[in-house]
Protein chains: 2
Amino acid sequence: MRPLFHPSVDDVTVEAILHALSDPVRVAIFSDIAGSNCSQNCSNFLNVSDKAIPKSTLSQHFKALREAGLIRSERQGVEMQNVSRCAEIQERFPGLIAAIVRAHNIQLQSKPRAAKAPKRKRKASK
Amino acid sequence: MRPLFHPSVDDVTVEAILHALSDPVRVAIFSDIAGSNCSQNCSNFLNVSDKAIPKSTLSQHFKALREAGLIRSERQGVEMQNVSRCAEIQERFPGLIAAIVRAHNIQLQSKPRAAKAPKRKRKASK
DNA sequence: TCATTAGTTCGGAATAAATGAACTATTGAA
DNA sequence: TTCAATAGTTCATTTATTCCGAACTAATGA
């Protein structure tokens, strides 16, 4: 199997980071990984934000985080260990990750139930 | 014409903000609006990041910024004036917007030419 | 070797974004 | 008032992304 791609920190873009963390599942996963000092495997997140997530979808979410430069994934035996790359990103974009994680926590506290983005209110005419 | 929708600051989500600013055109527009103290109309941005943007697309970008709670748009005569809602968001998510704008500026300085995702195989000159 | 576990990749359906064309609102001039 | 110009929005169609079940790969242990 080809090795997983990890961008150099110099190739990491703000856009990619924001896009990766603009998904409620991914920001929850990343926030968890970044907040723990030990590495986390994927299967720990088969249930995030109170709903089951298919493992193929989970895998894509991890890929998005990885290719945005937010995490580093390394196979360790039969499972994958994921650690955050906060320290590197902090050097390139000081305060960015911390501010996002902090804002995410504030939101969790203010709205314990609804963490989703505002959906379209209008019904499609077709 | 139905009035433009602006979410209450309490309904603003981190996800929506990050999603809105994960697009290179939108973050450029927002950064410009947030950095200037006078309001800006849409047409000022028909050329952003060295490429022409169709006005229908621009309109959608402004809508995205507006519905994420990042800007407030008000018609003034024949044109639309846009101001940032940084102050409100700062109260809800302290430091978030500032960190993103700062990171965006850092990226502009480090890569004055390529602001897009790293698709092409270009030698990284570090 | 085979079974199990953990994750990736593939392919098609569902969803979202980009944009030319048509439309709406406001202003100013005739 | 009527017409033209300007500034944006909305619609409809094309294009790109995302989701997720099924099939696949890699490591481990019996």
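As a basis for the values below, the full set of heavy atoms in this structure was taken, side chains included, without hydrogen atoms, waters or symmetry mates. Naming: A, B, ... by sequence-line order, numbering from 1 per chain.
In this structure, the side chain of S31(B) does not engage the main chain of A28(B) through any donor-acceptor pair within 3.5 Å.
If you take CD of Q40(B) and C1' of dA7(D), they are 15 Å apart, rounded to a whole angstrom. As a whole-Å value, the separation of I53(B) CD1 from dA17(C) P is 16 Å. Following rounding to the nearest Å, R26(B) (CZ) and dA16(C) (P) show an atom-to-atom distance of 14 Å. Rounded to whole Å, the distance from CD on E79(B) to P on dG8(D) is 6 Å. Counting to the nearest Å, the P atom of dG8(D) and the NZ atom of K63(B) are 16 Å from each other. Atom pair K55(B):NZ and dA5(D):C1' shows a separation of 11 Å (rounding to whole Å applied).
For dT8(C), one of the phosphate oxygens OP1 or OP2 lies less than 4.0 angstrom from a side-chain nitrogen or oxygen of S59(A). Dashed line: the shortest gap from a side-chain N or O of H19(B) to OP1 or OP2 of dA17(C) is under 4.0 Å. OP1 and OP2 of dC11(D) both lie 4.0 Å or more from every side-chain N or O belonging to S56(B). Phosphate proximity of dT8(C) to R66(A): present, with a side-chain N or O under 4.0 Å from OP1 or OP2.
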Pair up each side-chain donor or acceptor in residues 53-67 of chain A with any protein partner under 3.5 Å, not counting sequence neighbours, and list the distances.
from: H61(A); atom 1: ND1; to: R26(A); atom 2: NH1; distance (Å): 3.2
from: R66(A); atom 1: NH1; to: S73(A); atom 2: OG; distance (Å): 3.3

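Checking T57(A) against T57(B), the closest nucleotide of DNA chain D that is more toward the 5' end is the one next to T57(B).
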Next item on the list: Determine, stepwise, if the pair L96(A) / I100(B) fulfils side chain to side chain contact (heavy atoms under 4.5 Å, CB included).
Entry: CA-CA 6 Å; L96(A) 179 61; I100(B) 294 173; 3.8 Å; yes
